[in-house]
A.B. asks: 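Next up is a structure, given as structure tokens.
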Amino acid sequence: MFVDTAKIKIKAGDGGDGAVSFHREKYVAAGGPDGGDGGRGGNIVFVADSNLSTLADFRYKRKYAAKKGENGRGGRCRGKNAEDLIIRVPVGTVVKEENSGRILADVSGDEPYIVAKGGKGGWGNPHFATPVRQVPRFAKPGLPGEEFDVVLELKLLADVGLVGFPNVGKSTLVSVVSQAKPEIANYHFTTITPVLGVVSMGEGSSFVMADIPGLIEGAWQGTGLGHQFLRHVERCRMLVHIVDVSGSEGRDPKEDFITINNELAKFNPELAERPMVVAGNKCDMATDEQIADFKKFVEDQGYDFFPIMAAIRYDVDPLLKKIQEMLSKLPPITHYEAEPAPIVTVDDFDDHSVIIKNVNGIYTVEADWLLQVMKGINFDDYESLNYFQKVLINGGVIDALRKKGCSDGDTVSIYELEFDFMD
């Protein structure tokens, strides 16, 4: 079964906890703290696999979680980093965040794509030793790994996309110009999944042609096979619009041409601007007047027209040469760039609750919303620090610290950030 969309939940591993430990050795007095840091949690990594052609496997397993980093140990032994969780997907899979639609990765190349990063390991107690606090009996837990509900969309990588009504000869054309063998029959929707074929033009020159299942009026609203396969056209560098110029099924070729172009524009306005040539198929069943009339109609709209008989490969070569010529002047196949995470502000959260604990004189602050805000803060930048100070004030963190008894000079720890409180 061809499946080109899937929804899954991914969770990177949490960081390991830092250790509370003290060095104990014969003849060594007051060895001091020696708890190791926790290891990093495993990342969620997507890798393109050319042996896969469908997302069907994700119908049965929908949750993917990487392992937690190992906890730190005594003797300043750092915990082991957890292994990354590798998720293999077909080439051309786009990973999007479900709620926002933000693109997290376009898995089209050979390199691995880290989509969810594992949490950093917590600090062991040596990090908290000071001349005053020589015996810190606490450590930090690891940070949580990133977690997303994602949508996987397979968008095939092809240079040329064939579009048109059902039963106009798209599959026939692919079968005669490449080694692809799509199912061909004299009824609608014979092709129910996209088919790729490599067209060889000699001397090491070739391009990939995609046979997209037929469209009918209202496809963008779900009629027929709907627009579910039009996502595979979005990457194509150009389109070949195939029309039954003979009107053998009782339809007007001109109306067919207008209808399909409208469907493409309604699905994605950019497709209406995509370079296109028009192939009039089944010319053996049309009169010379029909072909000439349709040719004038197409060329008046600025498109090149090629009359062909795909079944016997008649006059197909001029069409292929024109495609090759156009491709040589067009940019490469579209690749989508990962979109940066939106900057989260304190106003984006309704719940500003914080958990404050006094651990041996250090006030630790924990709040899910605050952790999300901190991801967008550059603590090496003066203006960012000023903004973060306003977040602590407006978010009620400073007031909550005061209520817990925090006063001037006390140490405050917020995840990996530590500072002296100034009222």
Side-chain angles (χ1 to χ4, degrees), residues 160-177 182-192 194-195 209-234 236 238-312 314-316 318-319 322-323:
V160 182
L162 304 183
V163 296
F165 265 81
N167 205 32
V168 295
K170 299 186 299 297
S171 298
T172 302
L173 179 60
V174 170
S175 69
V176 299
V177 300
E183 184 176 352
I184 299 173
N186 188 27
Y187 56 86
H188 287 194
F189 301 117
T190 310
T191 302
I192 57 175
V195 176
M209 181 177 285
D211 173 18
I212 307 300
L215 302 172
I216 60 176
E217 187 173 4
W220 71 284
Q221 295 176 314
T223 307
L225 289 178
H227 65 263
Q228 59 178 312
F229 295 119
L230 276 178
R231 67 172 60 89
H232 301 292
V233 183
E234 289 183 298
C236 293
M238 63 172 292
L239 303 177
V240 176
H241 192 156
I242 300 183
V243 180
D244 177 2
V245 73
S246 70
S248 61
E249 297 191 349
R251 298 190 308 269
D252 183 350
K254 296 179 182 178
E255 292 182 0
D256 284 3
F257 181 79
I258 295 172
T259 298
I260 296 299
N261 284 351
N262 288 339
E263 292 299 321
L264 293 174
K266 290 174 181 176
F267 175 75
N268 184 346
E270 292 182 4
L271 290 179
E273 306 299 326
R274 197 65 51 89
M276 177 190 292
V277 296
V278 182
N281 194 27
K282 303 185 181 180
C283 289
D284 54 323
M285 302 171 62
T287 64
D288 293 341
E289 290 77 12
Q290 284 179 305
I291 297 173
D293 181 53
F294 186 70
K295 178 180 180 180
K296 183 178 183 305
F297 169 77
V298 169
E299 291 180 344
D300 285 347
Q301 299 186 51
Y303 299 106
D304 290 323
F305 176 75
F306 294 86
I308 64 172
M309 286 180 271
I312 60 173
Y314 180 79
D315 270 356
V316 169
L319 171 64
K322 181 61 177 180
I323 293 173

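No hydrogens, no waters, no symmetry mates; every other heavy atom, side chains included, goes into these values. What you are looking at is a predicted structure, and each value in this text was computed from that prediction instead of being measured.
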A.B. asks: With a 4.5 Å limit on heavy-atom distance, are the side chains of Leu239 and Val160 in contact?
C.D. replies: no
A.B. asks: Check side-chain contact (heavy atoms from CB on, under 4.5 Å) between Val177 and all other residues, then give those that pass, not counting sequence neighbours.
C.D. replies: Leu173, Val199, Met209, Arg313, Val316, Leu320
A.B. asks: To the nearest 0.5 Å, tell me how far Ile212 CD1 sits from Cys236 SG.
C.D. replies: 6.0 Å
A.B. asks: In the structure I gave you, are the side-chain heavy atoms of Thr259 and Phe165 within less than 4.5 Å of one another anywhere?
C.D. replies: yes
A.B. asks: Closest heavy-atom contact between Gly169 and Ile242?
C.D. replies: O-CD1, 4.3 Å
A.B. asks: Check salt bridge (charged side-chain N to carboxylate O under 4.0 Å, His left out) between Asp304 and all other residues, then give those that pass, not counting sequence neighbours.
C.D. replies: Lys322
A.B. asks: Would you say the side chain of Glu249 lies within less than 4.5 Å of the side chain of Asn167, judging by non-hydrogen atoms?
C.D. replies: yes
A.B. asks: Determine whether the aromatic ring centres of residues Tyr303 and Phe297 are separated by less than 6.0 angstrom.
C.D. replies: no
A.B. asks: Could you report the tightest heavy-atom contact between Glu234 and Arg274, atom names first, then the distance?
C.D. replies: O-NH1, 3.1 Å
A.B. asks: Check the pair Leu162 / Val174 against side chain to side chain contact (heavy atoms under 4.5 Å, CB included), numbers first and verdict last.
C.D. replies: CA-CA 9 Å; Leu162 304 183; Val174 170; 3.3 Å; yes
A.B. asks: If I take atom CG from residue Asp315 and atom CZ from residue Phe306, how far apart are they, to the nearest 0.5 angstrom?
C.D. replies: 10.0 Å
A.B. asks: With salt bridge (charged side-chain N to carboxylate O under 4.0 Å, His left out) as the criterion, how do Asp211 and Lys170 come out once you've worked through the C-alpha distance, each side chain's angles and the decisive distance to 0.1 Å?
C.D. replies: CA-CA 6 Å; Asp211 173 18; Lys170 299 186 299 297; 5.1 Å; no
A.B. asks: How many angstroms lie between atom CD1 of Ile291 and atom CG of Asp293, to the nearest 0.5 angstrom?
C.D. replies: 11.0 Å
A.B. asks: So which heavy atom on Ala286 is nearest to which on Val245, and how close?
C.D. replies: CB-CG1, 4.0 Å
A.B. asks: Are there more than 12 heavy atoms of other residues, nucleotides or ligands under 6.0 Å from atom CD of Glu270?
C.D. replies: no
A.B. asks: Once the angle between the rings of His241 and Phe257 is folded into 0 to 90°, is it parallel (under 30°), tilted (30 to 60°) or perpendicular (over 60°)?
C.D. replies: parallel
A.B. asks: Measure from the side-chain N and O atoms of Gln290 to the backbone N and O of Thr287, and report whether any donor-acceptor pair falls under 3.5 Å.
C.D. replies: yes
A.B. asks: Below 4.5 Å, heavy atoms only, C-beta onward: do Asn261 and Met276 meet side chain to side chain?
C.D. replies: yes
A.B. asks: So, taking the atom named CG in Leu264 and the one named CD1 in Ile260, what distance separates them when rounded to the nearest 0.5 Å?
C.D. replies: 7.0 Å
A.B. asks: CZ/Phe294 to CG/Asp256 distance, rounded to the nearest 0.5 angstrom?
C.D. replies: 8.0 Å
A.B. asks: If every non-hydrogen atom of Asp244 is compared with every non-hydrogen atom of Ser246, which pair is closest and at what distance?
C.D. replies: OD1-OG, 2.6 Å
A.B. asks: How long is the span from the CG atom in Leu271 to the CD atom in Glu273, to the nearest 0.5 Å?
C.D. replies: 10.0 Å
